[in-house]
Structures are given as C-alpha cells and as structure tokens.
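We're numbering straight along the sequence, starting at 1. Indexing begins at 1, ligand by ligand and atom by atom, following the structure's order.
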Amino acid sequence: MKTWVILVAVLFGAATAFAQPAREKLRVATRPVKPFVLQDGGKLTGFSIELWEEIARQLNVRSDFVVKPTVRELLEAVRSGEADLGIAAISITAEREMRWDFSHPMFDAGLQILVPAQPAGIGFFHNLVSGVFSSAVLPLVAAVAGIILVPAHIVWFFERRAPGGLLIHRSYFPGIFEACWWAAATLATQADQMPKTAAARVAAVIWMFTSVVFIAYFTASVTSSLTLHELRGEIDGPEDLPGKRVATVSGSTSVEYLRQQNAEPLEFTDIEEALDALARERAQAVVYDAPVLLHYAARQGRGRVQVVGPIFRKESYGIAFPPNSPHRKPVNEALLKLKENGVYEQLYRKWFGAAS
Ligand code: GLU
C-alpha cells in the first residue's frame with residue numbers, strides 16, 4: 001500500500017514538472033563590432049552580448065543568436081521577423097525610430113575621428129618642411145626674389161660708371177648679377193660692401209632698412225606657420241572633414257554624417273577593412289563610433305593610430321525591436337533593474353575600464 005502511495009506521488013510530481021511551460025526562446029540578431037560583440041572561437045562575447053545574457057536571465061528566457069554582417073542586415077532581420085530583437089552597437093536615430101522600436105538607451109556613444117599616429121621625429125621634419133613651404137611663407141619668398149631686382153637695378157645704374165665702385169663688370173650682364181648678389185646679401189643683413197656714388201648710397205640705405213623690416217616679418221611668418229603645423233595635423237576635428245577621403249563602415253550612421261559634411265566616404269563592411277585602408281593611405285582618416293575607435297587605438301592600433309578631436313555626434317545605442325513588440329517593455333524593465341543593481345556598472349568596468 002505504501003509503495004503505491006509513493007509511486008503515485010512520484011508520477012504526479014513528474015507530470016507537473018513536464019506540464020511546466022518550456023522557457024521561451026528568443027532569436028537575437030547581432031553583428032560583430034568590438035568590444036560590443038566579438039566572436040571568440042565561435043562563441044559570442046562582448047559588452048552587448050553579456051548585457052543581453054543578463055537581461056535574458058532576468059526575463060528567464062533562452063536565446064539563439066543570429067549573426068549578421070552589417071548593422072543594416074541586422075535591422076532588416078529584426079524587421080522581417082527573422083529575429084525577435086537586435087543587439088550590438090545599434091545607434092538610435094530618428095530615421096530608424098520610424099521603422100523600428102528601441103529599448104531605453106543602453107550605452108552613450110558618438111562619432112569620432114581616427115588618423116595615423118605621427119611619429120615624433122618624422123613629425124618634426126615634416127612640420128619644418130611644410131612650415132617653411134606653407135602657403136603663408138612661399139609667396140613671401142617669391143615676392144622678395146622679385147623685389148630684390150629693384151635695388152639691384154638702381155645700384156647697377158649708378159655704380160656702373162663709378163671706378164672702384166661696387167661692380168667689377170660695367171656691362172648689364174654680368175654687372176646686374178653682382179648687383180643682385182649685393183642686394184640679396186644686404187637683405188640677409190650681410191652687407192659688407194658700400195656703393196661709391198651718392199645716389200646708390202641713398203638707395204642702399206633705404207634697402208637696408210627695408211631689409212630689417214622684411215626679415216622681422218619673414219621670421220614672424222615662419223614662426224607662426226611652424227607653430228600652426230605643430231599644433232594641427234591635417235585632420236584634427238570634424239571641421240577638417242569636408243573634401244577628405246574618409247573610410248567608414250557601410251550602413252552605419254557615420255556614412256550619412258560624412259555625406260552631410262561633404263566628405264568622401266569610402267565604405268567597408270568591417271571596421272578592420274576601414275583601418276586597413278587608412279594604413280595603406282587610401283583614406284586620410286576613419287570616422288566611426290567613438291568607443292570602437294578608442295578600443296582599437298588602445299589595442300591593435302597602439303602606436304600606429306590615434307583618435308583626434310572631440311566626440312562630435314552624440315548617439316545612444318539601443319536594443320532594436322520590430323514595431324509593437326511584446327518584448328520591449330520587459331526588456332526595458334530588466335535593463336533598468338541591471339542599471340539599478342550595479343550589474344550594468346560591473347559589465348561597463350569589465351569592458352571599458354573606467355566607471356560609466
Ligand atoms: N553605431 C553605428 C550604427 O548603428 C555602427 C554600428 C555598426 O557598424 O555595427 O549605425
């Protein structure tokens with residue numbers, strides 16, 4: 001009798017266990033974008049993946065990841081119903097908000113610029129050459145080469161008949177060359193010869209004072225042009241982008257930004273390819289999501305590239321849903337809970353170092 005009771009109890013227990021609904025499974029579209037999503041030997045990890053796993057734990061759901069190559073395809077998968085939601089580094093934009101629904105912001109990002117790093121030695125030499133031959137200094141040098149002809153002709157005209165004067169040769173050639181040499185030497189404050197005739201001396205004194213003023217002006221121009229080159233590379237901020245060849249990732253918000261700025265976007269599927277284009281000098285800079293660029297510059301790109309200028313277009317990442325998705329509200333609640341209980345903070349610290 002006792003055995004029967006136990007048997008019935010066991011069967012009843014098993015039946016109720018089987019009757020419990022299976023945990024719901026959500027299809028989650030994503031795409032590799034370091035350090036938010038990375039594929040580590042077939043396994044997905046990264047800030048966004050771990051954040052999603054925490055959310056899934058809160059919601060008590062299982063997840064199946066669907067990996068897409070671009071953010072555009074990721075969003076299309078969400079829209080077409082191939083996936084229930086999408087998480088990676090998806091920027092919430094006004095245009096996307098019309099076709100998808102988004103969770104609360106899960107990460108504050110924005111766009112930034114990456115350029116090749118300037119090695120110190122080469123940088124100095126390059127700056128010196130480009131400073132001296134800059135658009136400010138070169139016309140000045142050309143103007144002076146022309147102006148020298150004026151005192152040279154005056155001195156040649158008066159001195160050519162003065163025996164024992166400045167000129168050895170009386171004829172125009174090569175007499176004028178001697179006069180030019182004298183004018184150039186005086187300009188460089190190296191004058192050691194004096195004309196004999198009174199008229200030529202007057203011209204010489206005027207030329208000497210003109211030279212002093214010119215040298216002061218020339219020194220000031222070279223100095224300021226050098227300082228400018230020292231302080232500014234070719235591309236230092238968003239204001240330098242118009243007209244430049246800039247590599248970025250196709251389908252991303254950066255492409256549209258670059259078009260608005262009249263820059264020439266070179267689109268690649270992958271940030272690695274965009275960085276490769278920079279290394280091969282096919283592009284002058286890379287514009288893309290700031291956290292991705294900073295991550296690269298601090299790791300694989302260390303010493304070879306540098307991030308310059310401020311974050312110029314602030315964007316927030318969100319989890320994308322098809323319109324009116326029943327999952328949005330519970331996901332938002334879970335996300336807020338993770339921010340409140342410190343789990344979000346821990347994940348942020350793990351992947352980005354400093355506190356959010
Ligand atoms: N955050 C950008 C966007 O949503 C880039 C994302 C990506 O390339 O994965 O357009």
Side-chain angles (χ1 to χ4, degrees), residues 28-40 44-52 65-79 82-83 85-114 238 241 246-261 263 265-278 283 285-297 299-301 305 307 309-322 335 348 351-352 356:
V28 180
T30 191
R31 91 160 200 106
V33 47
K34 279 185 209 163
F36 295 92
V37 180
L38 36 134
Q39 268 166 323
D40 192 4
L44 285 169
T45 174
F47 175 80
S48 299
I49 297 294
E50 290 192 0
L51 182 67
W52 171 254
F65 287 105
V66 185
V67 180
K68 294 285 166 186
T70 65
V71 72
R72 197 185 290 134
E73 282 158 89
L74 183 167
L75 284 168
E76 284 314 324
V78 173
R79 174 102 194 155
E82 188 187 338
L85 54 98
I87 186 167
I90 312 168
S91 305
I92 307 173
T93 66
E95 203 197 333
R96 289 176 184 170
E97 188 65 66
M98 292 193 283
R99 300 186 61 211
W100 288 269
D101 276 350
F102 286 93
S103 68
H104 289 314
M106 60 172 229
F107 196 91
D108 291 327
L111 306 185
Q112 221 168 355
I113 303 174
L114 184 106
L241 292 173
V246 185
T248 191
V249 176
S250 72
S252 76
T253 47
S254 306
V255 178
E256 170 207 329
Y257 174 85
L258 289 169
R259 289 215 182 98
Q260 283 164 7
Q261 296 299 307
L266 297 178
E267 299 179 37
F268 299 93
T269 11
D270 202 85
I271 185 66
E272 312 281 336
E273 288 172 32
L275 294 162
D276 194 50
L278 183 73
V286 175
V287 165
Y288 194 50
D289 298 37
V292 181
L293 295 182
L294 289 167
H295 177 85
Y296 177 79
R299 286 168 182 78
Q300 301 100 299
V305 292
V307 174
I311 294 184
F312 47 85
R313 192 171 114 162
K314 298 235 184 318
E315 293 181 339
S316 297
Y317 296 156
I319 302 170
F321 300 90
L335 183 61
Y348 192 99
W351 290 98
F352 300 99
S356 63

Which ligand 1 atoms, with their elements, are less than 4.0 angstrom from a heavy-atom of [X]?
X	result
R96	3 (C), 4 (O), 10 (O)
Y317	1 (N)
S252	5 (C), 10 (O)
I90	4 (O)

Query raised in the report: Got I271 and L293 here, is their nearest side-chain heavy-atom distance under 4.5 Å?
Result: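 In contact.
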
Query raised in the report: How far is atom 9 (O) of ligand 1 from its nearest protein heavy atom, and which residue and atom name does that atom have?
Result: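 It is R31 NE, 2.6 Å.
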
Query raised in the report: Looking only at protein heavy atoms, which one is nearest to atom 6 (C) of ligand 1, and how far off is it?
Result: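 Atom 6 (C) of ligand 1 sits closest to the protein heavy atom A89 O, 3.3 Å.
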
Requested in this report: Identify which of Y288, F36, F107 has a heavy atom lying nearest to atom 8 (O) of ligand 1.
Outcome: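 Result: the heavy atom closest to atom 8 (O) of ligand 1 is in Y288.
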
Query raised in the report: Has the side chain of Q112 got a donor or acceptor atom that lies under 3.5 Å from a matching backbone atom of G309?
Result: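 Flag set: sc Q112 to bb G309 pair under 3.5 Å.
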
Query raised in the report: Does I87 offer a backbone N or O that forms a donor-acceptor pair with the side chain of T30 under 3.5 Å?
Result: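 Here the side-chain-to-backbone pair exists.
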
**Report entry** R259 with E267: basic N within carboxylate O range, under 4.0 Å
**Finding:**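 Here R259 pairs with E267 in a salt bridge, since their nearest N and O are under 4.0 Å apart.
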
Query raised in the report: Just heavy atoms, cut-off under 4.0 Å: does D289 contact ligand 1 by side chain, backbone, both, or neither?
Result: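 Within the 4.0 Å criterion, D289 contacts ligand 1 through side-chain atoms alone.
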
Query raised in the report: Using heavy atoms and a threshold below 4.0 Å, how should the contact between K68 and ligand 1 be classified: side chain, backbone, both, or neither?
Result: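 Under 4.0 Å from ligand 1, K68 contributes no heavy atoms.
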
Query raised in the report: Among all residues two or more places apart in sequence or in another chain, which pass the salt bridge (charged side-chain N to carboxylate O under 4.0 Å, His left out) test with E97?
Result: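 Per chain and number, E97 pairs via salt bridge (charged side-chain N to carboxylate O under 4.0 Å, His left out) with no residue.
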
Requested in this report: State which residues pass salt bridge (charged side-chain N to carboxylate O under 4.0 Å, His left out) with D108; sequence neighbours excluded, sorted by chain then number.
Outcome: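 Listed in chain order: nothing, the list is empty.
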
Query raised in the report: Do F352 and F107 have their ring centres less than 6.0 Å from each other?
Result: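 Between F352 and F107, the centre distance is under 6.0 Å.
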
